[in-house]
Amino acid sequence: MIKIRHTGIVTKNINQSLNFWCKKIGFKIKASALESGKTIDNVLGYKKVKVKTYKLKDKNNNIVEILYFLNAPKINKNKIKTYSEGYTHISLTVKNINQLYLKLKKAKIKFNSKPMLSADKKVLMTYCKTPEGSFLELVQVL
């Protein structure tokens, strides 16, 4: 492996997701595309895919890809819990967790707790809910 390229997140509300990831967390839109055709149908495993993608990049070149499907097949929605099997969260290292926590709380972002000192006393950390239904772990190294 060379590196992790990006993290993909599917959303049902593109405006809410872009507002969260760009205005509140600090990513910027670097590219967007409307994807369809045989290649994307085969890669994603269903026919006639129409997906709008947004590549978001932060100042350290970390990339999050937001995907908004215009015609996704209906599925039973599972609510993600912190203890669910599979992928549950993205973790970001931040400079000032308390400042970001207050900013996000003011914007009505739901948190599991205020920033807490880890058991090894090396970081402050907390989890908040993303608009897509998964979690964002915020970590400040002490």
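With 3.5 Å as the limit, one finds a donor-acceptor pair spanning the side chains of Thr53 and Glu35. Side-chain contact of Ser118 with Asp120: a donor-acceptor pair under 3.5 Å is present, judged by distance alone. No hydrogens or angles considered: a donor-acceptor pair under 3.5 Å links the side chains of Glu132 and Ser17.
Residues that satisfy the side chain to side chain donor-acceptor pair (under 3.5 Å) test with Ser134, not counting sequence neighbours, are Thr130. Shown here are the side chain to side chain donor-acceptor pair (under 3.5 Å) partners of Asn62, two or more places apart in sequence or in another chain: Asp58. For Asn71, the side chain to side chain contact (heavy atoms under 4.5 Å, CB included) test picks out Tyr46, Lys48, Lys50, with sequence neighbours left out. With sequence neighbours excluded, no residue forms a side chain to side chain donor-acceptor pair (under 3.5 Å) with Asn42.
The two residues Val49 and Ser36 come nearest to each other via the heavy atoms O-CB, 3.1 Å. Listed here is the closest heavy atom pair of Ser91 and Val139: OG-CG2, 3.6 Å.
The OG1 atom of Thr126 sits 9.0 Å away from the NZ atom of Lys105 when rounded to the nearest 0.5 Å. With values rounded to the nearest 0.5 angstrom, Lys38 atom NZ is found 15.0 Å from Ile40 atom CD1. Note that the CD1 atom of Ile4 and the CD1 atom of Ile2 stand 12.5 Å from one another [nearest 0.5 Å]. Taking CG of Leu67 as the start and OG1 of Thr11 as the end, the distance is 9.5 Å to the nearest 0.5 Å. Note that CG of Leu138 and NE2 of His89 are 10.5 Å apart. Values are rounded to the nearest 0.5 Å. Interatomic distance, Leu117 CG to Leu124 CG, rounded to the nearest 0.5 Å: 6.0 Å.
Cluster annotation: Val64 and Val51 are assigned to distinct hydrophobic clusters (Ile/Leu/Val/Met/Phe/Trp/Tyr, side-chain heavy-atom contacts under 4.5 Å, transitive). A continuous path of ILVMFWY side-chain contacts below 4.5 Å connects Ile9 to Ile25, so both sit in one hydrophobic cluster. Linking ILVMFWY residues whenever their side-chain heavy atoms come closer than 4.5 Å, directly or via other members, places Leu102 and Leu104 in the same cluster. Hydrophobic clustering (side-chain heavy atoms under 4.5 Å, transitive across Ile, Leu, Val, Met, Phe, Trp, Tyr) groups Val10 together with Leu44. Tracing side-chain contacts under 4.5 Å through hydrophobic residues (I, L, V, M, F, W, Y), one reaches Leu100 starting from Leu92; they form part of the same cluster.
The shortest distance between side-chain heavy atoms of Phe27 and Ile63 does not fall below 4.5 Å. Residues Tyr54 and Glu65 have side chains not in contact (no heavy-atom distance under 4.5 Å, counting atoms from C-beta outward). At least one side-chain heavy atom of Val141 sits less than 4.5 Å from a side-chain heavy atom of Thr93. Between Lys52 and Ser32 there is a side-chain heavy-atom pair separated by less than 4.5 Å. With a 4.5 Å cut-off on side-chain heavy atoms, Phe20 and Leu136 count as touching.
Using a distance-only test at 3.5 Å, with no hydrogens or angles considered, a donor-acceptor pair links the side chain of Gln140 to the main chain of Ile97. Judged purely by atom type and a 3.5 angstrom limit, Lys57 has no side-chain atom pairing as donor or acceptor with the backbone of Lys28.
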Anything under 3.5 Å between a donor and an acceptor, one on a side chain of residues 106-114, the other on a protein residue two or more places apart or in another chain? List them.
none

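Connectivity analysis of hydrophobic side chains (ILVMFWY, heavy atoms under 4.5 Å, direct or indirect) links Met116 to nothing; its cluster partners are none.
By the 6.0 Å and 45° rule, Lys12 does not stack over the aromatic ring of Tyr68.
Residue-environment remark: CG (Leu34) exceeds the threshold of 12 foreign heavy atoms within 6.0 Å.
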